[in-house]
Trainee: 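Following this message is one structure expressed as structure tokens.
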Amino acid sequence: MSPRTEPSGTAPTTLSRQVPEKVGLDGLEERWDATWETDGTYRFDADAPAESIYSIDTPPPTVSGSLHVGHVFSYTHTDVVARYRRMRGAEVFYPMGWDDNGLPTERRVQNYYGVRCDPTLPYVPGFVPPHEGTDGKAVKPADQVPVSRPNFIELCERLSAQDEQQFESLWRYLGLSVDWSRTYQTIGDSARAVAQQAFLRNLARGEAYQQLAPGLWDVTFQTAVAQAELEARDYPGHFYKVAFHGEGGPVHIETTRPELLPACVALIAHPDDERYQPLFGTTVRSPLFDVEIPVLAHPAAEPDKGAGIAMCCTFGDLTDVQWWRELRLPNRTVVGRDGRLERTTPEWLTGDGAAVYAELAGKTTFSAREAVVAALRTAGDLDGEPTPTMRKANFYEKGDKPLEIVSSRQWYIRNGGRDEDLRAALLARAEELEFHPGFMRVRYENWVGGLNGDWLISRQRFFGVPFPVWYALDAAGEPLYDTPLVPTEEQLPVDPSSDVPEGYAADQRGVPGGFVGDSDIMDTWATSSLTPQIACGWRDDPALFTKTFPMSLRPQGQDIIRTWLFSTVVRSHLEHGSLPWSHAGISGWILDPDRKKMSKSKGNVVTPMGLLTEHGSDAVRYWAASAKLGTDAAFEVGQMKIGRRLAIKVLNASKFALSFGAPDAPVSLDPATVTVPLDRAMLAGLAEVVDQATAALESYDHTRALEVTETFFWTFCDDYLELVKDRAYGGLRRGKSELARSSEPIDGVDERSEEHAADINPAGAESARTALALALDVMLRLFAPVLPFATEEVWSWWREGSVHRQPWPDAAPLRAAAGDAPPGIVVSAGAALAALRKVKSEAKLSMRTEVSSVRLTIPTDAAEGVRAALADVRAAGRVTGDLDLVTGDVPAPVADDAVLVTS
RNA sequence: GGGCGAUUGGCUCAGUGGUAGAGCGCCUCGUUCACACCGAGGAGGUCACUGGUUCGAACCCAGUAUCGCCCACCA
């Protein structure tokens, strides 16, 4: 464990000289970041015992994108947890990852360097990209220079490294207490090896498999798309009423995709639909193509949708896939991977049908649709005019054309989508996981309950983790997909496009009897789902892995529960038979002032660095920490200003609290010197705050902890500090005239004099000074997780070490110091002071106006408290003459009959 | 269509059974011997709506409306 300084003990500390004359927030970020780095304040100690470790599965931000306010928001939440746990005595394992994997990086490299990947090209050593930087403008696809895959990947890595630097500086400026010596990349060798090893083990256990099956396909990106990456969008189209030819007359169906008519394999209606019951089991013939089509019953058909009978094509939508699978229909796919109709006429079309198809071959679905509609109209098989409709179509979340469903060979990992037992097991895992807030669990359960297939993990792209498999080629040069060749785990990571499988020579690549590498890469989530294994050193550092896994906390956004959170649970369940972490902290969204989700496209994204430099990191952190987990928060500069004000107040109040006594006198932290009831009562209140803040943070409620601390702090400044400052000065600084008559007796102090009590009772002054120091010591630690810079600054004025390595405050010593002092004294005395202030405020006079006589009526139950602190109340209220204290039936203290001395 | 969340003073939000809270903003005043990135005081709300439970409801129950997010023959 790292060395810690002692908890607030009795050792005096002499640093009042080091309190700066003028305090401020500017420059604290750079200064303390540098110090923390030098001192290794947040360095993880790998020798710490396993039970002391708190490990955080930090979300690796996508470095090809830009950080926005939402990142600052949620990463602050995590940092508050990390700092709290560290102060609670945990050794916090808090690494940072960089997600530089996948399509976003590819795209950014294309735009930034003006290149595109052409896997057929050879590697060019020392390649210089034609362009560098975006200047706010991307290089158009037509102007992009084709480069080899290795060159392309080099550029991806180069740009990622640059981006990571920028990200790290921002995070450091924000004050994330990450151990920066432990960063990982999702595309680094280590992460690649982890992803490949996990995949190979899934493969060996039968959890990963390859299948030729219809799947969602993006014709623009030319890649398969997983269920989790779908986005349903409104898409305009038309309903076409088309006549099929039956023996008893035409059967009309309505379709939005008439171009799929040649792919029609059945007409389907609901089994209970009396209109179509007579047709079940019979066949009809399709218009134009004259193919014999069975009429079938299936409960998924909706009687009130369209004509109530649907044309099932291979494949128009996911329902078609379901029918095709469940009714064991033939596959008559006509749409190819490029989004165009197959160029060769399908075998099931003959005669006139083949002739019609010849007109469609090679056309996009859009032009094919027009052609088919025109032909239907000519043939008289189009009933009425098409009616416009807005339908929901599936899109790849990054694409702009509706997805097609095509058959392709893809890799899958079992995730319970086709297996009830596994699904139940994964739902049971969610029961074990503590979600913060708890209702987020429902999102997981809904998603898992609604899965309709296994997890598609293969992508037909270039930059990513390749599948570590090769296929032997038979004598005809056809790959033997069922028996993939795999490397050993020691060989990982491998790139099957350049590495050669065991038992083969490089020149056998692609030749009959030789081998070929799998050309796909893994879905980005296939790697991201392994962040715990990557961060904890599953492959590279088994000792670390044993200590840190399963991890303590996964912080993340609510939008990726179905992707990142779920897929991580899947991988961990399959590989380790456990949850990957025990807690999941879900942050909400940042919304615009008009309650819309903030996004780049709306042009309202504020750059985080600008925010941090303008308001200060503590201020921005305060805004973030004021929002509960799981709750959307408004982007509100006002809240940051409040945070800034708080941070400044912490500096100023601390400076003030440390300024009493002789300049070189030690600051006492000895609780025994706190003898005055008011001071003890303040400490009793603080003890309560410590308990509440601790309980709140233990249940991942940082807003509550901040709120109680902040409320106490402001009362401390406005009331307690005002009440005791004269006494704490001990007459050393002020002229005595003002104070000469603050002569009420002070409990625990036996002298009474016409002089200020503290002048002849140093114990009263000492009590206040020590109480101030003790309270400051505790409050700094309570604020430290949210305001790391201001608290560290103050700590450095008078204490040793970093506040961030201090133990979290404990209420017990405060209670011991407080003894049996009635805790209500601070409240009662504060209310009495407020009454005196009100008199002056209403008389529109300065708060420093002297009161030569006043009657103070206080609630009966406050009497004891006010009496106990009467000298301080008099001093703070500048009551220089008679103070007639009476009790009465009033809700709060009232001052009247005041005689104010105006000068 | 389903799920989840939200609806409290002009704004941002606390408050889960006992006479409505905070900060910002606003109004009035003060102040530069911790803090003008300041201080004090004040005004301002029938807690979205309708029913119900209860001695008592912002809070519990049912329904409605509006907003947000997620999902969508599976719900």
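Chain naming here is simple, since letters A, B, ... match the order of the sequence lines and numbering starts at 1 in each.
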Trainee: Give the rounded distance in Å between these two atoms: CG of A:Asp632 and C1' of B:rC13.
Mentor: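 It is 13 Å, rounded to the nearest whole Å.
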Trainee: Between A:Cys717 and A:Lys844, which is nearer to the 5' end of RNA chain B once each is assigned its nearest nucleotide?
Mentor: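 Looking at RNA chain B, the more 5' nearest nucleotide goes with A:Lys844.
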Trainee: Name the closest nucleotide to the A:Val442 side chain, picking from B:rC4, B:rA40, B:rC70.
Mentor: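 Nucleotide nearest to A:Val442's side chain: B:rC4.
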Trainee: Are A:Phe73 and A:Trp623 near enough that their ring centres are under 6.0 Å apart?
Mentor: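 Yes - the distance between ring centres of A:Phe73 and A:Trp623 falls below the 6.0 Å cut-off.
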Trainee: Rounded to whole angstrom, note down the P distance from B:rC61 over to B:rG3.
Mentor: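 Their P atoms lie roughly 16 Å apart.
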Trainee: Starting at atom CG of A:Leu836, determine the distance to atom C1' of B:rA40, rounded to an integer number of angstrom.
Mentor: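 Going from A:Leu836 (CG) to B:rA40 (C1'), I get 12 Å.
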Trainee: Distance check needed: B:rG3 P versus A:Met440 CE, whole Å only.
Mentor: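 From A:Met440 CE to B:rG3 P: 17 Å.
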Trainee: Which heavy-atom pair separates A:Asp726 from A:Ala876 by the least distance, and what is that distance?
Mentor: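 In this case the closest contact between A:Asp726 and A:Ala876 is OD2-N, 4.2 Å.
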Trainee: Closest approach of A:Ala898 and A:Val851, non-hydrogen atoms and distance?
Mentor: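 Shortest heavy-atom contact: CB-CG1, 4.5 Å.
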Trainee: Closest nucleotide of RNA chain B for A:Leu721 versus for A:Ile648: which of these residues is on the 5' side?
Mentor: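 The residue mapped nearer the 5' terminus is A:Leu721.
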Trainee: Measure from the side-chain heavy atoms of A:Asp26 and tell me the nearest of B:rC37, B:rA14, B:rC71.
Mentor: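 The nucleotide sitting nearest to the side chain is B:rC37.
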Trainee: Determine, for A:Asp559 against A:Arg443, whether the closest basic-nitrogen to carboxylate-oxygen distance falls under 4.0 angstrom.
Mentor: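 Result for this pair is no, no salt bridge flagged.
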Trainee: Nearest to the side chain of A:Asn652, which nucleotide is it out of B:rC69, B:rA40, B:rC35?
Mentor: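 The answer is B:rC35, which lies nearest to the side chain.
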Trainee: Output yes when at least one side-chain N/O atom of A:Lys649 is less than 4.0 Å from OP1 or OP2 of B:rG39, else no.
Mentor: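 Looking at the OP1 and OP2 atoms of B:rG39, one of them is under 4.0 Å from a side-chain N or O of A:Lys649.
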Trainee: Considering only atom C1', compute the distance from B:rU50 to B:rU66 and round it to an integer number of Å.
Mentor: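 Each nucleotide's C1' atom is 15 Å from the other's.
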Trainee: So which protein N/O to nucleotides 24-26 of chain B N/O distances come out below 3.5 Å?
Mentor:
{"from": "B:rC24", "atom 1": "OP1", "to": "A:Arg645", "atom 2": "NH1", "distance (Å)": "2.9"}

Trainee: Are a donor atom and an acceptor atom from the side chains of A:Ser654 and A:Asn652 found within less than 3.5 Å of each other?
Mentor: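 On atom types as modelled, these side chains do not qualify, holding no pair under 3.5 Å.
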Trainee: Give the nucleotide from the list B:rC37, B:rG39, B:rC71 with an atom nearest to the side chain of A:Trp714.
Mentor: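 Comparing B:rC37, B:rG39, B:rC71 against the side chain of A:Trp714, the answer is B:rG39.
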Trainee: With side chain to side chain contact (heavy atoms under 4.5 Å, CB included) as the test, pick out the partner of A:Leu776 among A:Trp798, A:Phe716, A:Trp795.
Mentor: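 Checked A:Trp798, A:Phe716, A:Trp795 against A:Leu776; only one passes side chain to side chain contact (heavy atoms under 4.5 Å, CB included): A:Trp798.
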Trainee: Could you run through RNA chain B and flag its stems, i.e. three or more consecutive Watson-Crick or G-U pairs with both distances under 3.5 Å?
Mentor: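 The stems that RNA chain B takes part in, listed by first number, are B:1-7 with B:65-71, B:10-13 with B:21-24, B:26-30 with B:38-42, B:48-52 with B:60-64.
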Trainee: Base, sugar-phosphate alone, or nothing: which one does A:Gln322 contact when heavy atoms must sit under 4.0 Å apart?
Mentor: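 A:Gln322: base contact, heavy atoms under 4.0 Å.
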Trainee: Check the phosphate of B:rG15 against A:Lys628, side-chain N and O only, distance under 4.0 Å to OP1 or OP2. Yes or no?
Mentor: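 Looking at the OP1 and OP2 atoms of B:rG15, one of them is under 4.0 Å from a side-chain N or O of A:Lys628.
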Trainee: Under the ring pair (Phe, Tyr, Trp, His ring centres under 6.0 Å) rule, collect the residues that match up with A:Phe315, sequence neighbours excluded.
Mentor: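 Ring pair (Phe, Tyr, Trp, His ring centres under 6.0 Å) check on A:Phe315 returns A:Trp324.
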Trainee: Can you name the closest pair of heavy atoms from A:Ala619 and A:Arg644 and give their distance?
Mentor: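 Looking at all heavy atoms of both residues, the shortest contact is CB-N, 3.4 Å.
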Trainee: Excluding sequence neighbours, so at least two apart, what forms side chain to side chain contact (heavy atoms under 4.5 Å, CB included) with A:Arg414?
Mentor: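 Listed in chain order: A:Tyr209, A:Leu422, A:Asp454.
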Trainee: Looking at A:Arg727 and A:Asp679, is there a salt bridge between them, counting it only when a charged N and a carboxylate O are closer than 4.0 Å?
Mentor: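 Between A:Arg727 and A:Asp679 there is a salt bridge, with a charged N closer than 4.0 Å to a carboxylate O.
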Trainee: Atom CE of A:Met847 and atom P of B:rC35: how far apart are they, to the nearest Å?
Mentor: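 In whole Å, B:rC35 P and A:Met847 CE are 18 Å from each other.
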Trainee: Taking the minimum atom-to-atom distance to the side chain of A:Arg837, which one of B:rC13, B:rG41, B:rA34 wins?
Mentor: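 Between B:rC13, B:rG41, B:rA34, the one nearest the side chain of A:Arg837 would be B:rG41.
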Trainee: Among B:rU12, B:rG41, B:rG39, find the nucleotide with the atom closest to the side chain of A:Ser841.
Mentor: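 So the side chain of A:Ser841 is nearest to B:rG41.
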Trainee: Taking only the side-chain heavy atoms of A:Arg443 (C-beta and beyond), determine which of B:rC70, B:rA34, B:rC37 contains the nearest atom.
Mentor: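 When the side chain of A:Arg443 is considered, B:rC70 is the closest of B:rC70, B:rA34, B:rC37.
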Trainee: Checking side chain to side chain contact (heavy atoms under 4.5 Å, CB included) against A:Asn394, which of A:Leu403, A:Val225, A:Ile405 comes through?
Mentor: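 Answer to the side chain to side chain contact (heavy atoms under 4.5 Å, CB included) test with A:Asn394 among A:Leu403, A:Val225, A:Ile405: A:Leu403.
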Trainee: Over all strands shown, is A:Ala843 touching base, sugar-phosphate only, or nothing at heavy-atom distances under 4.0 angstrom?
Mentor: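 No contact.
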Trainee: Rounded to the Å, how far apart are A:Phe635 CZ and B:rC13 C1'?
Mentor: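 Taking atom C1' of B:rC13 as the reference, CZ of A:Phe635 is at 17 Å.
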Trainee: With the side chain of A:Phe656 defined as its heavy atoms from C-beta on, choose the nearest nucleotide among B:rA14, B:rC4, B:rA34.
Mentor: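 Among the listed nucleotides, the one closest to the side chain of A:Phe656 is B:rA34.
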Trainee: Give every residue pair that meets the side-chain hydrogen bond (donor to acceptor under 3.5 Å, both in side chains) criterion with at least one member in residues 709-718 of chain A, sequence neighbours excluded.
Mentor: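 Pairs touching residues 709-718 of chain A that pass the test: A:Tyr622-A:Glu710.
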Trainee: Any idea which heavy atoms bring A:Ile590 and A:Gly70 closest together, and the distance?
Mentor: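 Minimum heavy-atom contact is CG1-CA, 3.7 Å.
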Trainee: Look for any protein N or O under 3.5 Å of an N or O in nucleotides 42-47 of chain B and output each such pair with its distance, or none.
Mentor:
{"from": "B:rG42", "atom 1": "OP1", "to": "A:Lys838", "atom 2": "NZ", "distance (Å)": "3.1"}

Trainee: Under 4.0 Å between any heavy atoms, over every strand shown, what does A:Glu722 touch: base, sugar-phosphate, or nothing? Just pick one.
Mentor: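 Base contact.
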